[in-house]
Amino acid sequence: MLLAGLVLMTLGMTTTPTETLLPQDSRMDWWREARFGMFIHWGLYAVPGGEWGTGTDHGEWIMTTAQIPVPEYEKFKDQFNPVKFNADEWVKMAKDAGMKYVVITTKHHDGFALFDSKVSDYDVMASPFKRDIMKEMAEACRKHGLKMCWYHSIMDWHHADYLPRRDWESRSAEGASMDRYVEYLRAQVTELLTNYGDVAVMWFDGEWESTWNSKYGDALYELCRKLQPNVVVNNRVTVGRDGIEDATKQKTGDYGTPEQYIPPEGIPGLDWEVCMTMGRHWGYNKRDTFKTPRELVRNLIDIASKGGNYLLNVGPRPDGTFPQESIDILKNYGRWMSKFGESIYGTVASPLGAIPWGRCTAKEVGGKWRLYLHVFEWPTDGRLRVPLVGNELSSAWMLEGGSRLRSRKVGSDIVIDVIDVPRALKDDDATVVVLELPTKPIVYKAPRIMAETDVFVESVSISVGEVSEGLDVKYTVDGSDPIASSETYIEPVTMKATGVFRARAFHNGRPVSDVSERRFVLVEPLPAQKAGKRKGLSRSVFQGDWNKLPDFGALTPSGTGVTEKVQLGVEPFTEYTGLRIEGTISVEATDVYRFNLGSDDGARLWIDGELVVDHDGLHSASGKTGAIALVKGAHTVRVDYFNKTGGAALSLSMAGSGKEFVEVLATAFRHG
Ligand code: FHN
């Protein structure tokens with residue numbers, strides 16, 4: 001038995017084989033079919049084009065990054081007159097590029113609305129332009145058959161009631177009411193979902209500041225669905241993302257939104273969409289530099305091969321035109337999608353393991369399954385190998401032109417002869433070869449072993465996923481190699497002793513994959529301590545400029561007090577500030593507990609002196625998870641936290657075995 005309380009910083013997948021299927025929700029059907037959309041970031045920030053003072057590298061955040069006071073920034077309103085704006089041209093460029101939906105900023109963090117809002121005079125009708133841009137965009141999308149979608153920022157640097165204030169600005173927060181701001185936010189969302197016809201997606205953003213919470217977020221989600229029952233809402237309507245890369249879907253929201261980042265293995269069982277800039281900025285910057293058209297085409301293929309959508313951004317100029325680089329990128333997409341769009345639309349993630357020459361997407365067509373093989377690099381021997389496929393072969397052809405290709409099984413690989421493919425059919429960005437199989441692909445890859453944690457105090461439930469239909473999984477728990485006579489995986493397996501779980505795929509009684517393995521350890525939970533006498537936790541405040549957590553024990557606090565739970569405790573939370581929060585936390589049962597510590601900037605969590613989560617360093621609002629085994633009762637808890645500059649956030653949630661994460665409530669804490 002391992003010593004008490006082994007702490008794990010890594011957690012396994014908690015899905016089971018059935019959960020790798022996407023949630024059955026017809027609202028998402030068009031979205032899963034679409035795969036590709038245009039993001040548009042446009043607003044007052046286009047006027048300066050990234051320049052302020054000597055600075056030239058600002059984007060849509062220029063109000064904050066250049067610390068422009070509200071009255072100064074408002075002057076851009078009087079310069080906003082995009083006389084060359086033509087919604088029809090914009091939507092036609094999206095359509096011709098093969099995009100199926102358009103998400104445009106109705107209001108970004110700067111608070112300026114690009115639509116005629118009756119609840120604000122800080123909108124486009126107050127500019128020289130005086131046209132409802134959203135109305136014209138909605139009409140153009142309807143005309144060209146694209147889905148109209150709204151981006152709307154929860155965070156608002158202009159509205160007097162929004163909190164927290166930017167720490168550099170002089171406007172007082174006196175009298176500001178976040179509840180009143182939320183009513184304003186809901187009123188604008190109501191306008192956007194009432195006055196412009198069908199809206200396909202509400203793309204919320206700016207949900208990460210400490211003043212937004214799941215109560216507001218859940219209510220906002222409900223409002224959207226009440227106003228337009230078929231509207232799709234992203235996960236940023238509520239709190240809880242682990243940073244901009246995180247696509248883990250909260251309880252609220254229909255899909256995850258990894259940003260500027262392609263999840264290396266996709267996110268099995270969830271809907272997700274990568275949003276990305278063509279250049280370095282979301283909003284227009286005169287000096288922006290752009291990714292190559294080929295890189296962007298391959299991004300689309302890579303994302304689709306992992307089962308996600310791609311929302312690619314354009315930052316229009318202040319005159320209402322697209323930057324020429326964006327136009328050229330869109331034209332290249334149009335060229336490629338006109339030949340190969342079938343290999344993207346309505347496809348699902350590749351069933352194959354890694355392939356060295358490119359990517360794969362898959363789709364059922366006419367009762368058969370097509371693997372769309374996107375060739376980035378042509379094999380020098382003229383033989384395209386599709387690894388580890390257990391199906392009998394059907395046929396293979398070039399998607400462009402349809403010319404047939406010779407193919408055959410070599411062992412468990414399918415080999416396609418491509419030596420005679422003419423140069424004219426080899427697209428520099430990617431060429432698609434279709435491999436048709438008579439049934440769903442049977443892929444010989446090692447099973448994925450899934451469990452909440454690698455430690456347990458009584459037992460651990462282990463499931464196996466991502467195994468092709470038609471294969472059996474054989475497993476052992478004594479560390480030996482699975483063989484044909486080993487146990488067959490039927491349902492989650494419970495282990496009650498320390499051991500190594502090993503699994504392997506079998507086809508018709510024959511081993512056909514590598515062996516996957518994972519060690520699970522029975523641990524002694526940490527014994528309960530004496531609970532504190534008084535409610536809440538002690539809270540010491542420190543002032544300093546850190547890039548990572550100092551030893552607060554060696555510093556003199558600037559103030560002390562009590563906090564009811566792990567939180568910042570004051571709004572707005574000041575910069576260059578640290579916290580040490582201590583006391584005891586009570587758990588209701590002996591179990592392995594997962595703790596998610598959310599913070600901006602760095603934080604660490606200790607329980608009974610064991611470091612359970614280390615989320616130190618400078619980072620945006622995000623969470624990290626660790627696990628520890630505890631006996632029912634009280635345990636010492638300490639959270640150290642610091643905020644350097646900008647946004648601040650601190651939260652602690654926990655989950656017992658088999659449970660969802662919930663915020664640790666004040667009733668669990670004592671001190672003194
Ligand atoms: O702060 C915004 C940023 O300006 C941009 O709108 C992106 C697009 O997803 N979202 C936020 C950063 O995560």
Side-chain angles (χ1 to χ4, degrees), residues 37-50 52 57-68 73 101-114 149-158 162 164 166 185 201-212 217 232-250 253-263 272-285 288 291 299 303 308-316 326 598 600 618-623 645-649:
M38 178 183 279
F39 215 168
I40 298 174
H41 276 68
W42 202 34
L44 296 187
Y45 41 79
V47 173
W52 186 262
D57 199 31
H58 299 287
E60 75 290 348
W61 270 62
I62 189 168
M63 182 174 164
T64 283
T65 52
Q67 301 193 356
I68 306 173
Y73 189 85
Y101 58 109
V102 176
V103 181
I104 185 168
T105 50
T106 58
K107 179 199 83 166
H108 202 258
H109 310 331
D110 63 358
F112 184 74
L114 292 185
C149 312
W150 301 142
Y151 165 110
H152 199 74
S153 176
I154 290 164
M155 178 164 66
D156 189 312
W157 301 330
H158 179 271
Y162 180 80
R166 299 313 91 191
L185 171 72
V201 175
M202 278 307 290
W203 212 99
F204 289 105
D205 199 13
E207 88 293 353
W208 53 80
E209 294 203 305
S210 57
T211 48
W212 191 250
V232 170
V233 182
N234 75 348
N235 67 334
R236 302 190 188 190
V237 67
T238 186
V239 294
R241 279 189 300 148
D242 284 355
I244 69 169
E245 294 179 356
D246 175 44
T248 311
K249 176 170 147 181
Q250 281 70 33
D254 298 310
Y255 67 89
T257 53
E259 178 173 321
Q260 304 282 39
Y261 163 77
I262 300 173
W272 51 279
E273 168 198 75
V274 170
C275 56
M276 194 179 283
T277 52
M278 288 185 180
R280 289 177 296 112
H281 294 282
W282 296 97
Y284 174 61
N285 176 290
D288 210 346
K291 301 173 181 79
N299 279 351
I303 291 164
N309 280 24
Y310 195 25
L311 185 62
L312 186 59
N313 183 73
V314 176
S326 299
D600 170 1
L618 294 174
H619 52 70
S620 60
S622 57
T645 57

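In each ligand, atom 1 is the first atom listed, and ligand 1 is the first ligand listed.
For the residue pair Y45 and G59, the shortest heavy atom distance occurs at CB-O, 4.0 Å. The two residues G50 and I62 come nearest to each other via the heavy atoms C-CD1, 4.1 Å.
Residues Y255 and N309 have side chains that never bring a donor and an acceptor to within less than 3.5 angstrom of each other. Side-chain atoms of Y73 and D110 include a donor-acceptor pair closer than 3.5 Å. T105 and H41 share no donor-acceptor pair across their side chains, judged by distance under 3.5 Å alone. Counted by atom type alone, N313 and H281 present zero donor-acceptor pairs between their side chains at under 3.5 Å.
Considering backbone and side-chain atoms together, W208 places no N or O closer than 3.5 Å to any N or O of ligand 1.
Atoms of ligand 1 found under 4.0 Å from any heavy atom of R236 (numbered from 1 in listed order, with element): 9 (O), 10 (N), 13 (O). Distances below 4.0 Å separate heavy atoms of H109 from the following atoms of ligand 1: 1 (O), 2 (C), 4 (O). Short contacts between ligand 1 and H108, defined as distances under 4.0 Å to a heavy atom of the residue, involve ligand atoms 3 (C), 4 (O), 5 (C), 6 (O). Close approach of ligand 1 to C275 (heavy-atom distance below 4.0 Å) involves ligand atoms 9 (O). Remark: ligand 1 atoms within the under-4.0 Å shell around heavy atoms of W61 are 1 (O), 2 (C), 3 (C), 4 (O). Less than 4.0 angstrom separates some heavy atom of E60 from each of these atoms of ligand 1: 3 (C), 4 (O). Proximity to Y151 (heavy-atom distance under 4.0 Å) selects the following atoms of ligand 1: 6 (O). Residue-ligand proximity, W203 to ligand 1, at heavy-atom distances under 4.0 Å covers atoms 9 (O).
The distance between the ring centers of W208 and H619 does not fall below 6.0 angstrom.
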